[in-house]
Structures are given as C-alpha cells and as structure tokens.
Amino acid sequence: MSYYTRLNKSFEGAIRLPLNRCSKYILISDCHRGTGTSNDNFLKNQNLYFAALQHYYKYGYVYIELGDGDELWENRCMKQIIETHENVFWLFSQFQARNRLFMLYGNHDMAKKKQTLLPDIPFYEGIILENTASPDAKDIYLTHGHQADLFNSVLWRFTRFLVRYLWKPLERYGVLDPTSAAKNYTRKEKSERRLQHWAKQENHILITGHTHRPTLTEEDPYYYNSGSCVHPRCITCLEIERMHITLVKWTLATRPDMVLYVAREVLAGPIALL
C-alpha cells in the first residue's frame, strides 16, 4: 500500500465537524506525554501547555489533538502517564463534558486505535472540518501525518520495538533516533513532500503534526503543520477562529519588573480560509 493510499484510507469514515464563522478550534500535536522520567520530553513544557489549554478552554475553543499525545512507544502503561499529568487529563474531562474534545492517534500512540486505553474518549485517524462558509471553500483534513512514512505506519510495531529497546536508552547519551521524522532531517523532508503532494493532488487543505516542524505560509495553501509541544522552550499550535488560521507559540517571557509569565506569540498568519 502506497503512502497516497494510506492517506486516503485515513479519511474513510472520518467524522465531520462544522467549520464556519462561529467555529473556534485549537489544533495541537505531538505532546508525547510521558511518565515524568528523564525521557519524558513533555515534562519541560507541561506548565506552558496547561496554561495554553486553560486559555483555550476559557475562550470556548474546541480542542483537537492531532496524534502522538501520549508516548506509548517508550512507555507501556497509560495509567502512569495519566497519574503523572493528572491536571491535563482533568482539563480534558472539562472539554469533553462540553463536547469540545476530539482526539486523533498517531504512530507513537497507535495503541489507542483499540479504544481500550481511554475507553471514555474516542480516537480517530482522521477528522474533516467541513467548510460551510461558502460553496467554493475547501474542507480541512486533519490527520497525524505518519501515513507518509513506511516505518511509522505499516512497520510501526517494528519501529516501536527499536525505540523502546534501542533508541530510548541511547537517547540519554544524545543519540538521535534515525527512524524519526522529527529527528531525522532527510526523513522529515521526505514526509512533508509527500503530505504536500497528496494535499495538492486531492485539492484539500491538509493539517498534520508528526514532523514537529510548524508550518503556515500563504505560498503553500494546501499543507499546514501544528508543530509540537516538545520544542526546547515553547509549544506551537494552530488556532482557527472567524474563518482564519493562525500559527502561535506559547513560551515563558519576562516583564520589565522581572516577573515571569506565559506569553502567546503569533508566528504566522492569520490566513483566510474562505
């Protein structure tokens, strides 16, 4: 099965959510929540993430996680992840109680496909934001993006084995996983070219995560990327509001009186989706 076919299959039976001038969506990917150990790459940004989530909850956004929310290649036990990041899962429950929580699975949390790890939360491979603002407007297709990479889709179990027993121990010594699209530049470029090609050929707007490289440009109206929550000093995400999409980052900043605070900064956009 080719990457093109895998991407097409991602949207077979995908749920459809409305996209109009009243819609408010926040798209976040690749949190890689772990168990609080030195391998938990999410740990350093957990306060930034929680502050951002509180903001989006307060202002009525629908939260969509684009996969790899939890690190289930390096960790076996979902219960430990929930206990470590209990505040995050509590806030998820608040979103869900108001029907404002939608989750995709990626390659690192493919186990959620069985719907048994978090039985109260459904997980999907793809979601379509159905653009009802105008007859000629494009729908937006959401998926994780691992479908563009053979090792992270068809061969994900083999790659998980390597990560769990080889690359995880070596990560402590600075050795990067060569199978990762986020850490291997060549694999990142190849995956993004494939995702861009699919989006252009199918005439859809495609939004993914997976490569951890945030992308939003007017030059490419077909492919956007939300980035990740494991950047060294920030998290990135895509906001959709009033039929515009904006790439933002949340980071730690300092006021003139030396008080630290969590700051929202626009990186690109807003770009009209009409």
Side-chain angles (χ1 to χ4, degrees), residues 2-12 14-30 56 61-68 102 104 106 124-149 181-182 185 187-228 231 234-250 264-274:
S2 69
Y3 80 89
Y4 204 98
T5 303
R6 291 195 295 270
L7 282 167
N8 282 334
K9 284 181 67 66
S10 300
F11 299 103
E12 291 181 2
I15 63 167
R16 292 175 175 265
L17 302 177
L19 179 62
N20 52 52
R21 295 184 185 276
C22 298
S23 301
K24 297 176 74 171
Y25 291 104
I26 177 62
L27 312 179
I28 294 181
S29 183
D30 294 88
Y56 293 122
Y61 283 79
V62 174
Y63 178 86
I64 301 180
E65 193 163 88
L66 300 181
D68 282 7
F102 296 91
L104 301 180
Y124 309 95
E125 188 172 3
I127 292 175
I128 299 172
L129 301 183
E130 199 165 28
N131 199 329
T132 59
S134 66
D136 299 325
K138 292 184 177 68
D139 294 341
I140 299 179
Y141 282 58
L142 310 175
T143 193
H144 181 62
H146 61 286
Q147 300 89 343
D149 188 331
Y185 183 79
R187 193 169 294 277
K188 187 195 303 281
E189 287 284 314
K190 185 176 181 180
S191 293
E192 290 178 344
R193 284 197 303 270
R194 288 177 167 182
L195 294 168
Q196 289 166 342
H197 178 257
W198 182 90
K200 189 171 183 178
Q201 290 295 113
E202 295 294 319
N203 195 31
H204 297 313
I205 298 173
L206 177 65
I207 300 179
T208 71
H210 186 56
T211 65
H212 293 199
R213 178 153 58 186
T215 303
L216 181 71
T217 66
E218 293 185 349
E219 289 73 23
D220 184 355
Y222 293 99
Y223 170 72
Y224 306 138
N225 193 299
S226 60
S228 82
H231 299 293
C234 70
I235 68 171
T236 60
C237 50
L238 289 168
E239 298 174 356
I240 297 177
E241 184 178 5
R242 298 188 183 94
M243 294 305 296
H244 285 76
I245 185 167
T246 307
L247 176 65
V248 305
K249 76 173 182 179
W250 293 82
R264 174 188 172 276
E265 179 182 336
V266 174
L267 296 178
I271 294 176
L273 295 172
L274 295 174

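Hydrogens, waters and symmetry mates are skipped; everything else that's a heavy atom, side chains included, is used.
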| message | What I'd like to find out is whether the side chain of Leu129 reaches to under 4.5 Å of the side chain of Ile64, using heavy atoms alone. | response | yes
| request: Kindly determine whether Asp139 and Arg16 satisfy side-chain contact (heavy atoms from CB on, under 4.5 Å), including the steps that lead there. | output: CA-CA 10 Å; Asp139 294 341; Arg16 292 175 175 265; 3.8 Å; yes
| request: Look only at the side chain of Gln147 and the backbone of Gly145, and say whether a donor-acceptor pair between them is shorter than 3.5 Å. | output: yes
| message | Quick check: closest heavy atoms across Ala199 and Leu206, and the distance to 0.1 Å? | response | CB-CB, 3.7 Å
| query | Do Lys200 and Asp220 come within less than 4.5 Å of each other through their side chains, counting heavy atoms only? | reply | no
| Quick one: which of Tyr141, Tyr223, Tyr222 gives a ring-ring contact (aromatic ring centres under 6.0 Å, His included) with His204? | Tyr141
| Audit row: His231, Lys249, side-chain contact (heavy atoms from CB on, under 4.5 Å) steps and yes/no | CA-CA 10 Å; His231 299 293; Lys249 76 173 182 179; over 6 Å; no
| task | Show your working on side chain to side chain donor-acceptor pair (under 3.5 Å) between Glu125 and Ser10 and close with a plain yes or no. | result | CA-CA 6 Å; Glu125 188 172 3; Ser10 300; 3.3 Å; yes
| query | Is the CD atom of Gln201 crowded by more than 12 outside heavy atoms at less than 6.0 Å? | reply | yes
| Between Arg213 and Glu189, is there a side-chain N and carboxylate O pair less than 4.0 Å apart? | yes
| query | Taking all atoms of both residues into account, what is the closest heavy-atom pair of Met243 and Asn131, and its distance? | reply | CE-OD1, 3.3 Å
| Side-chain touch Cys237/Val248, heavy atoms, less than 4.5 angstrom | yes
| request: Kindly indicate whether the side chain of Leu19, heavy atoms from C-beta on, has any atom under 4.5 Å from the side chain of Glu130. | output: no
| query | Do you know the tightest heavy-atom contact between Thr217 and Ile271? | reply | C-CD1, 3.7 Å
| request: With the side chain counted from C-beta on, respond yes when Ile245 and Ile140 share a heavy-atom pair under 4.5 Å apart, and no when they do not. | output: no
| request: Return the minimal non-hydrogen interatomic distance between Ser226 and Gly209, and the atom names on each side. | output: OG-CA, 4.3 Å
| message | A side-chain contact here means heavy atoms from C-beta on lying under 4.5 Å apart; do Lys9 and Arg6 qualify? | response | no
| request: List the steps and the verdict of side-chain contact (heavy atoms from CB on, under 4.5 Å) for Thr208 and His146. | output: CA-CA 9 Å; Thr208 71; His146 61 286; over 6 Å; no
| said: Measuring only between side-chain heavy atoms, which start at C-beta, is Arg264 closer than 4.5 Å to Val266? | reply: yes
| request: Return the orientation label for the Trp198 and Phe11 ring planes: parallel under 30°, perpendicular over 60°, tilted otherwise. | output: parallel
| Passing option when Tyr61 is tested against Tyr25, Tyr56, Phe102 for ring-ring contact (aromatic ring centres under 6.0 Å, His included) | Tyr56
| If you measure from CG on Leu195 to NE2 on His210, what distance do you get to the nearest 0.5 Å? | 8.0 Å
| message | Contact between Leu247 and Asn225 at the side-chain level, heavy atoms closer than 4.5 Å - yes or no? | response | no
| request: Identify the heavy atoms of His244 and Arg242 that sit nearest to each other, and give their distance. | output: ND1-O, 2.9 Å
| message | To check you understand the geometry: which heavy-atom pair defines the closest contact between Cys22 and Asn20, and what is its length? | response | N-OD1, 2.9 Å
